[in-house]
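Okay, structure first, notes after.
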Amino acid sequence: MGVLMVIFGVFVMVLCMCTAVLRWNEMRYRKKGLPPGTMGWPVFGETTEFLKQGPNFMKNQRARYGSFFKSHILGCPTVVSMDPELNRYILMNEAKGLVPGYPQSMLDILGKCNIAAVHGSTHKQMRGALLALISPTMIRQQLLPKIDEFMRAFLSNWDNQVIDIQDRTKEMAFLSSLKQIASAESSSVAQQFMPEFFKLVLGTLSLHIDLPGTNYRRGFQARQNILKILGQLIEKRRDSEESHKDMLGYLMRNDDNNRHKLSDDEIIDQIITILYSGYETVSTTSMMAVKYLHDHPTVLEELRKEHMGIRERKRADEPIEWNDLKSMRFTRAVIFETSRLATIVNGVLRKTTQDMELNGYVIPKGWRIYVYTREINYDPFLYPDPLAFNPWRWMVKGLESQNYFLIFGGGTRQCPGKELGIAEISTFLHYFVTRYRWEEVGGEKLMKFPRVEAPNGLHIRVSSY
């Protein structure tokens with residue numbers, strides 16, 4: 001009996017301490033003018049609840065506090081905005097004190113020169129260098145031939161195999177980008193580079209806790225290893241003085257035609273940014289497109305019809321060209337609908353550079369604003385029958401240019417690699433649906449937050465078409 005009383009006493013004491021700590025943390029942020037909301041624990045805030053509950057956490061907080069509330073997630077006090085009009089204003093007004101506000105873990109691992117971290121004139125310089133690499137002219141003349149050659153080889157010999165399409169699309173997205181960046185050396189560095197890159201990706205969405213065994217520590221160490229790989233690659237090219245028509249070659253140019261000359265550190269961060277930004281969207285959209293096409297035979301039939309029509313106009317060994325890509329209207333619709341329904345990107349982060357007023361509240365300097373766009377994708381007023389996979393909705397002229405279309409971001413920060421990513425996914429789908437049919441094996445579970453993924457893989461049995 002005495003032992004039970006001691007245990008009960010300890011439990012009550014711990015409960016009281018936890019309650020006191022939570023209340024103290026709430027009092028710290030109870031300043032006049034702040035939006036309503038809860039802040040959770042010191043340091044950790046409500047990150048655990050946010051990552052575990054995901055969309056339900058957001059819905060519950062909105063039900064309690066409205067579409068504009070405060071929280072403490074990913075290591076920083078944050079205001080969450082779920083209002084479409086306000087979100088658009090935030091994305092369009094970087095010059096008014098709303099700069100990128102990504103978590104410290106992401107900034108440390110992607111580098112201080114990555115395009116998501118910089119703003120003002122530096123952002124203009126870095127974005128200009130990036131856009132020069134992935135302009136429509138570059139895609140048409142330099143990148144699409146590399147993408148076609150890679151996809152043709154990558155998708156060979158899948159017949160009569162059971163494959164994990166999640167793993168394959170991850171490999172596809174990484175290796176395709178690496179070929180575009182350093183075509184001559186891509187095969188020799190891929191085996192060393194790829195596992196480090198996968199660790200880097202996991203580290204970007206983690207708490208900024210530098211302890212052994214944490215995703216942050218593994219991601220940061222992976223960055224150091226990648227810096228060595230890329231640094232050696234740059235030195236090797238500089239010593240050889242050989243001309244290379246790939247992204248790294250264009251970034252390293254010293255001629256007068258290069259208006260966006262970068263230092264080696266900036267070049268390396270730019271390469272990491274290109275790999276990172278395209279990797280998750282391309283790989284996950286490709287995986288989910290395969291999933292949705294399997295589940296919706298009518299859509300698959302229409303998509304296959306479009307691609308078979310392209311193949312009938314070509315010789316067997318003739319590559320996909322720019323005009324073929326532009327003719328893939330239904331494929332583009334499938335990509336948009338996959339991105340909308342799966343919600344590959346849940347939102348974007350901004351940071352205040354000064355105290356500012358938004359929506360009638362005062363947001364302190366240094367706070368982050370999470371522009372949460374996920375719910376827009378399921379708004380029945382914008383997308384009738386929003387939970388249905390219906391690519392035909394995107395065949396309506398003008399839908400892609402609507403103000404609420406934020407699948408690829410918005411404002412000056414709209415994803416610069418949008419068209420390149422669409423080209424990669426379209427080419428992947430072209431060779432996949434014209435060569436193969438497939439069926440799911442195992443019925444694995446899918447997670448939609450914080451990343452869209454199949455924890456145990458997504459296995460399919462592939463056979464020739």
Side-chain angles (χ1 to χ4, degrees), residues 134 136 139-140 143-144 147-148 150-151 154-155 165-166 168-170 172-173 176-177 277-310 320 322-346 373-374 376-378 382-383 386-402 404-410 414-434 438 446 448 451-453 458:
I134 55 178
I139 295 173
R140 181 174 67 251
L143 301 180
L144 187 56
I147 292 168
D148 183 272
F150 170 81
M151 294 297 177
F154 185 78
L155 280 157
I165 193 65
Q166 178 171 252
R168 290 295 178 93
T169 53
K170 284 181 178 180
M172 175 269 289
S176 177
S177 291
S277 58
Y279 162 75
E280 192 150 14
T281 50
V282 169
S283 66
T284 309
T285 304
S286 299
M287 176 188 75
M288 292 305 297
V290 169
K291 165 67 176 170
Y292 289 144
L293 289 169
H294 172 271
D295 294 346
H296 299 84
T298 307
V299 179
L300 175 57
E301 182 182 359
E302 184 70 18
L303 183 76
R304 189 171 270 145
K305 179 181 175 183
E306 180 171 85
H307 288 282
M308 285 299 186
I310 293 171
I320 290 295
W322 182 253
N323 289 334
D324 301 318
L325 191 65
K326 300 307 287 183
S327 73
M328 297 179 188
R329 292 187 63 241
F330 191 72
T331 305
R332 190 178 182 90
V334 167
I335 293 169
F336 285 171
E337 184 70 348
T338 299
S339 299
R340 181 196 69 82
L341 191 59
T343 307
I344 312 301
V345 178
N346 294 282
T373 57
R374 182 186 185 92
I376 296 174
N377 293 341
Y378 309 114
L382 304 178
Y383 302 104
L387 298 182
F389 183 68
N390 176 19
W392 284 275
R393 73 172 88 239
W394 296 97
M395 303 297 280
V396 176
K397 189 175 180 180
L399 186 59
E400 187 181 337
S401 60
Q402 293 295 320
Y404 54 79
F405 180 72
L406 299 173
I407 290 172
F408 298 95
Q414 186 177 45
C415 178
K418 171 187 171 184
E419 295 303 327
L420 178 58
I422 290 172
E424 289 186 283
I425 300 166
S426 298
T427 310
F428 166 78
L429 289 174
H430 174 80
Y431 287 111
F432 188 60
V433 303
T434 56
W438 68 99
L446 284 168
K448 294 292 188 75
R451 285 187 163 100
V452 178
E453 61 180 339
L458 186 63

(request) For Leu429 and Ala289, work out which heavy atoms get closest and say how close. (result) CD2-CB, 4.3 Å
(message) Checking Met328 against Ile320 for the side-chain contact (heavy atoms from CB on, under 4.5 Å) test, could you report, in this order, the C-alpha distance in whole Å, the side-chain angles of both residues, the deciding distance, and whether it holds?
(response) CA-CA 11 Å; Met328 297 179 188; Ile320 290 295; 4.0 Å; yes
(request) Give the minimum heavy-atom separation between Ala333 and Met395, together with the two atoms involved. (result) CB-SD, 3.9 Å
(request) Give a yes or no answer on whether the side chain of Glu306 reaches the backbone of Thr331 with a donor-acceptor pair at less than 3.5 Å. (result) yes
(request) Identify the heavy atoms of Leu293 and Trp438 that sit nearest to each other, and give their distance. (result) CB-CZ2, 4.0 Å
(request) Mind running side-chain contact (heavy atoms from CB on, under 4.5 Å) on Ile147 and Phe428 for me, showing each step along the way? (result) CA-CA 9 Å; Ile147 292 168; Phe428 166 78; over 6 Å; no
(request) Spell out, as yes or no, whether a donor-acceptor pair under 3.5 Å connects the side chain of Tyr292 to the backbone of Met287. (result) no
(request) List for me each residue that meets side-chain hydrogen bond (donor to acceptor under 3.5 Å, both in side chains) alongside Thr284, sequence neighbours excluded, and say none if there are none. (result) none
(message) Main chain of Asp324, side chain of Ser327: is a donor-acceptor contact present, judged purely on distance under 3.5 Å?
(response) yes
(message) If we count only N and O atoms by modelled type, under 3.5 Å, do the side chains of Arg374 and Asn346 hold a donor and an acceptor together?
(response) yes
(message) As an exercise, state the distance from NZ of Lys418 to OG1 of Thr281, rounded to the nearest 0.5 Å.
(response) 12.5 Å
(request) Write down the atom of Pro391, the atom of Val299, and the distance for their closest heavy-atom approach. (result) CG-CG1, 3.6 Å
(request) Side-chain contact test, heavy atoms from C-beta onward, threshold under 4.5 Å: evaluate it for Pro386 versus Arg340 and give yes or no. (result) yes
(message) Could you measure the distance from the CZ atom of Phe432 to the CD1 atom of Ile165? Nearest 0.5 Å is fine.
(response) 5.0 Å
(request) Evaluate the side-chain proximity of Asp295 to Phe389: yes if any heavy-atom separation is below 4.5 Å, no if none is. (result) no
(message) Using the side-chain contact (heavy atoms from CB on, under 4.5 Å) criterion, which residues pair with Lys326? Sequence neighbours excluded.
(response) Trp322
(request) Indicate the ring-plane relationship of Phe154 and Phe150, choosing parallel, tilted or perpendicular according to the 30° and 60° boundaries. (result) parallel
(request) Quick one: pull up CZ in Arg140 and CG in Leu325 and give me the separation to the nearest 0.5 Å. (result) 11.5 Å
(request) Answer yes or no: is there a side-chain heavy-atom contact under 4.5 Å between Arg168 and Ser286? (result) no
(request) Using the side-chain contact (heavy atoms from CB on, under 4.5 Å) rule, take Val334 and Ile425 through it: C-alpha gap first, then chi angles, then the decisive distance, then the call. (result) CA-CA 10 Å; Val334 167; Ile425 300 166; over 6 Å; no
(request) Working to the nearest 0.5 Å, report the span between NZ of Lys170 and OH of Tyr279. (result) 4.5 Å
(message) Pair Thr434, Met308 - check side-chain contact (heavy atoms from CB on, under 4.5 Å), show working.
(response) CA-CA 6 Å; Thr434 56; Met308 285 299 186; 4.1 Å; yes
(request) Would you mind reporting whether Tyr431 and His307 have side-chain heavy atoms less than 4.5 Å apart? (result) no
(message) Treating Thr285 as the side-chain partner and Val282 as the backbone partner, does any N or O pair qualify as donor plus acceptor under 3.5 Å?
(response) no
(request) For Ala342 and Val452, work out which heavy atoms get closest and say how close. (result) O-CG2, 3.4 Å
(message) Please enumerate all residues that pass side-chain contact (heavy atoms from CB on, under 4.5 Å) together with Glu419, with sequence neighbours excluded.
(response) Ile139, Arg332, Ile422
(request) Would you confirm whether Glu337, through its side chain, and Asn390, through its main-chain N or O, come within 3.5 Å as a donor-acceptor pair? (result) yes
(request) Could you check whether the rings of Trp394 and Phe336 sit parallel, tilted or perpendicular, using 30° and 60° as the cut-offs? (result) perpendicular
(message) The test is salt bridge (Lys or Arg N to Asp or Glu O under 4.0 Å); show your working for Glu301 and Arg304 and say whether it passes.
(response) CA-CA 5 Å; Glu301 182 182 359; Arg304 189 171 270 145; over 6 Å; no
(request) Measure across Met151 and Ser176 and return the closest heavy-atom pair with its distance rounded to 0.1 Å. (result) CE-OG, 4.2 Å
(request) Calculate, to the nearest 0.5 Å, the distance between atoms CD1 and CD1 belonging to Ile344 and Ile335 respectively. (result) 11.5 Å
(message) How about CZ on Arg451, more than 12 heavy atoms from neighbouring residues, nucleotides or ligands closer than 6.0 Å, or not?
(response) yes
(message) To the closest 0.5 Å, what do you measure between CG (Leu446) and CD (Gln166)?
(response) 8.0 Å
